[in-house]
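The basis for the numbers below is simple: all heavy atoms, side chains too, and nothing from hydrogens, waters or symmetry mates. Since this is a predicted model, take the numbers as computed values, not measurements.
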Amino acid sequence: MRYVLDAKDRLLELSPEWTPFALENDAPELAADKVRGRLIWDFLADRTTCRILAALFDRARRGYPVGYTFRCDAPASRRLFSMSISSLAPGTLTLETDVVLIEKREEPMPLLERAGPRGEQHLRMCSWCKRVADEKGGWVEVEQAVRDRNLFHEERLPELTHGICPTCLETMLSKLDEKEAEQVRRAYENDAG
């Protein structure tokens, strides 16, 4: 899948695969005709993720293409994607994602379904690797988090919020220069503190 951002980070062009992917993932509100022209930041909630992406975008716009992998899981599968970001015209960015690996889950994971009633409890998931923050300060696969917290015994599943785990933070900071990485790290520590 390929998409292009203009100099202000608005979604300018979206490849033909965009809308089918959105619909396959129960996200009709993310179909191409509904997101074209909008800022990419409208779709991201975690401040650290936004800071990292902004630094990567700036780097690509300065002529240094960047790439990374990330998970984009679905209830029935674990999906690993690669992302490459480059600038082909002044100010614009081309973002290309490719499937690296898809693994079927033994059983679908209702916690990852977009529809359904949610409770007031929140569960933090890493935006990059999809692991979940556990009660001991670690990060575990979603299946482990569900078992540890007995989530399916609750009347309503928790609301998912997003953040970044320490492992993914270090991986993404390694893609930035020292000054950029330090700025993001300080902001992350301020947000966490």
Chemist: Minimum heavy-atom separation for Trp128 and Cys168, please, with both atom names.
Modeler: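 Minimum heavy-atom separation between Trp128 and Cys168: CB-SG, 3.8 Å.
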Chemist: Are Leu169 and Val66 linked, directly or through other ILVMFWY residues, by side chains that come within less than 4.5 angstrom of each other?
Modeler: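 Linked within one cluster.
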Chemist: Between the side chain of Trp18 and the main-chain N/O of Glu13, is any donor-acceptor distance below 3.5 Å?
Modeler: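 Judged by distance alone, no pair lies under 3.5 Å.
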Chemist: Identify the heavy atoms of Lys8 and Leu39 that sit nearest to each other, and give their distance.
Modeler: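 Smallest heavy-atom distance, with atoms named: O-CD2, 3.0 Å.
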Chemist: Report, as yes or no, whether the 6.0 Å neighbourhood of atom OH on Tyr64 holds more than 12 heavy atoms from other residues, nucleotides or ligands.
Modeler: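 For Tyr64, atom OH is not crowded (no more than 12 foreign heavy atoms under 6.0 Å).
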Chemist: Is Phe57 reachable from Ile164 through a run of hydrophobic residues whose side-chain heavy atoms are each under 4.5 Å from the next?
Modeler: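 Per the 4.5 Å side-chain linkage, Ile164 and Phe57 are co-clustered.
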Chemist: Do any N or O atoms from the side chain of His122 and from the backbone of Glu120 form a donor-acceptor pair under 3.5 angstrom?
Modeler: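 Side chain of His122 to backbone of Glu120, a donor-acceptor pair under 3.5 Å: yes, one is there.
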Chemist: If the threshold is 4.0 Å, N to carboxylate O, is there a salt bridge linking Arg71 and Asp73?
Modeler: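 Looking at Asp73 together with Arg71, the answer is yes, because their closest N to O distance falls below 4.0 Å.
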Chemist: Going through the distances and angles, do Arg185 and Glu170 end up as a salt bridge (Lys or Arg N to Asp or Glu O under 4.0 Å)?
Modeler: CA-CA 9 Å; Arg185 186 184 312 282; Glu170 291 308 316; 2.6 Å; yes
Chemist: Check the pair Glu143 / Arg105 against salt bridge (Lys or Arg N to Asp or Glu O under 4.0 Å), numbers first and verdict last.
Modeler: CA-CA 10 Å; Glu143 290 85 355; Arg105 294 182 190 278; 2.3 Å; yes
Chemist: For Gly37 versus Arg10, what's the shortest heavy-atom pair and its separation?
Modeler: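 Heavy atoms of Gly37 and Arg10 come nearest at O-CD, 3.3 Å.
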Chemist: Is there a chain of hydrophobic side chains (I, L, V, M, F, W, Y, each step under 4.5 Å between heavy atoms) that links Leu23 to Leu112?
Modeler: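 No, Leu23 does not connect to Leu112 through the hydrophobic network.
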Chemist: Using the rule that two of Ile, Leu, Val, Met, Phe, Trp, Tyr join whenever any of their side-chain heavy atoms come within less than 4.5 Å, decide whether Phe43 and Ile52 are in one cluster.
Modeler: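 Same hydrophobic cluster.
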Chemist: Looking only at heavy atoms, what is the nearest atom pair of Ala145 and Val140, with distance?
Modeler: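 For Ala145 versus Val140, the nearest heavy atoms are N-CG2, 3.7 Å.
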Chemist: Are the side chain of Ser77 and the backbone N or O of Lys104 linked by a donor-acceptor pair below 3.5 Å?
Modeler: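 Looks like no, no N/O pair under 3.5 Å.
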Chemist: So, for Leu123 and Ala133, which heavy atoms are closest and what is the spacing to 0.1 Å?
Modeler: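 Taking Leu123 first and Ala133 second, the nearest heavy atoms are CD1-O, 4.4 Å.
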Chemist: Please lay out, stage by stage, how Asp9 and Arg61 fare under the test salt bridge (Lys or Arg N to Asp or Glu O under 4.0 Å).
Modeler: CA-CA 11 Å; Asp9 297 332; Arg61 285 187 171 110; 2.7 Å; yes
Chemist: For the pair Phe81 and Phe70, name the ring-plane relationship: parallel under 30°, tilted 30 to 60°, perpendicular over 60°.
Modeler: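 Aromatic pair Phe81/Phe70 classed parallel.
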Chemist: Under 4.5 Å between any side-chain heavy atoms of Arg59 and Asp177, yes or no?
Modeler: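 Contact flag for Arg59/Asp177 side chains = yes.
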Chemist: Would you list the atom pairs, donor with acceptor, under 3.5 Å between side chains in residues 84-95 and any protein atom, with sequence neighbours excluded?
Modeler:
residue	atom	partner	partner atom	Å
Ser87	OG	Ala89	O	3.0
Ser87	OG	Thr92	O	2.8
Thr92	OG1	Ala89	O	3.1

Chemist: Counting distance only, does the side-chain N/O of Asp98 pair as donor-acceptor with the main-chain N or O of Ser82 below 3.5 Å?
Modeler: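 It does not hold such a pair.
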Chemist: Side-chain contact, heavy-atom cut-off 4.5 Å: Leu157 with Pro110?
Modeler: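 Yes, side chains in contact.
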Chemist: Which atom pair, heavy atoms only, marks the closest approach of Trp139 to Arg131?
Modeler: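 Here Trp139 and Arg131 meet closest at CE3-O, 3.5 Å.
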Chemist: Should we count CZ of Arg47 as having more than 12 external heavy atoms under 6.0 Å?
Modeler: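 Check fails, neighbour count at 12 or below.
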Chemist: Check whether Ile102 and Leu80 end up in the same hydrophobic cluster, where Ile, Leu, Val, Met, Phe, Trp and Tyr are linked by side-chain heavy atoms less than 4.5 Å apart.
Modeler: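 Ile102 and Leu80: separate clusters.
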Chemist: With the side chain counted from C-beta on, respond yes when Arg2 and Leu14 share a heavy-atom pair under 4.5 Å apart, and no when they do not.
Modeler: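 Contact flag for Arg2/Leu14 side chains = no.
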Chemist: Among Arg78, Met125, Arg147, which one satisfies side chain to side chain contact (heavy atoms under 4.5 Å, CB included) with Val142?
Modeler: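 Exactly one pass, corresponding to Met125.
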Chemist: Tell me whether Asn25 contacts the main-chain N or O of Ala27 through its side chain, where contact means a donor paired with an acceptor under 3.5 Å.
Modeler: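 Such a contact is absent between Asn25 side chain and Ala27 backbone.
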Chemist: Please walk me through it: do Glu135 and Arg124 pass salt bridge (Lys or Arg N to Asp or Glu O under 4.0 Å)?
Modeler: CA-CA 11 Å; Glu135 294 168 326; Arg124 193 163 54 130; over 6 Å; no
Chemist: Backbone N or O of Pro158 within a donor-acceptor pair of the Arg118 side chain at under 3.5 Å?
Modeler: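 Flag set: sc Arg118 to bb Pro158 pair under 3.5 Å.
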